[in-house]
Amino acid sequence: MGKEGKELDAYILGLSNSLEEYSGMCVAVIQRTNDTDDKLMVAPEGISITDPEIEAGTRFQEQYFEHVLLRKSAP
């Protein structure tokens with residue numbers, strides 16, 4: 001759940017076909033700094049996606065918001 005008690009939206013990365021349902025791995029979170037609507041970055045398991053690829057894939061919407069990309073550090 002997000003900051004305001006609403007479910008978080010997710011961007012599905014690495015796929016281009018239309019989906020009704022999807023199960024994948026959360027690889028990052030876009031935390032908007034001028035809005036409360038954060039976004040999960042979800043990709044198929046085993047797919048490696050770089051920060052620049054995430055930024056390019058979400059630019060169509062995220063260009064309107066200030067944000068930071070949060071990723072889990074490697075163990």
Side-chain angles (χ1 to χ4, degrees):
M1 300 301 272
K3 295 175 186 171
E4 295 182 351
K6 298 186 305 185
E7 291 182 351
L8 290 174
D9 294 328
Y11 288 108
I12 307 299
L13 306 169
L15 299 174
S16 59
N17 53 321
S18 179
L19 304 168
E20 286 188 34
E21 224 176 271
Y22 184 76
S23 178
M25 181 102 150
C26 181
V27 296
V29 173
I30 284 184
Q31 183 178 53
R32 291 180 175 172
T33 57
N34 64 338
D35 185 77
T36 60
D37 196 14
D38 298 341
K39 306 292 181 189
L40 301 176
M41 304 294 105
V42 179
E45 291 210 33
I47 297 291
S48 178
I49 297 182
T50 65
D51 291 358
E53 290 171 326
I54 291 172
E55 293 287 351
T58 60
R59 186 172 296 119
F60 71 97
Q61 181 63 36
E62 295 306 317
Q63 66 183 323
Y64 304 107
F65 302 95
E66 295 174 19
H67 65 271
V68 292
L69 186 61
L70 304 175
R71 296 188 76 146
K72 182 178 177 182
S73 299

Side-chain donor-acceptor contact under 3.5 Å, Tyr11 with Gln61
no

Between Phe65 and Asp37, is there a side-chain heavy-atom distance shorter than 4.5 Å?
no

Here the pair of heavy atoms bringing Leu40 nearest to Cys26 is CD2-SG, 4.0 Å

So how far is it from Met41 CE to Leu13 CG, rounded to the nearest 0.5 Å?
6.0 Å

Check: Phe60 main-chain N/O paired with Gln63 side-chain donor or acceptor under 3.5 Å:
yes

Heavy atoms of Asn34 and Tyr64 approach each other most closely as ND2-O, 4.4 Å

Would you list the pairs meeting salt bridge (Lys or Arg N to Asp or Glu O under 4.0 Å) in which at least one residue belongs to residues 8-17, sequence neighbours left out?
Asp9-Lys39

Compile the donor-acceptor pairs under 3.5 Å between side chains in residues 47-56 and protein atoms, sequence neighbours left out, one pair per line.
unit_1, atom_1, unit_2, atom_2, d
Thr50, OG1, Glu53, N, 3.2
Thr50, OG1, Glu53, OE1, 3.2
Asp51, OD1, Arg71, NH1, 2.7
Glu53, OE1, Thr50, N, 2.8
Glu55, OE1, His67, NE2, 3.0
Glu55, OE2, His67, NE2, 3.4

Same apolar cluster (I L V M F W Y, side chains within < 4.5 Å links), Val27/Leu15
no

Look up atom CG in Leu8 and atom CD1 in Ile30, then write down how far apart they are to the nearest 0.5 Å.
12.0 Å

Glu7 atom CD, neighbour heavy-atom count above 12 within 6.0 Å:
no

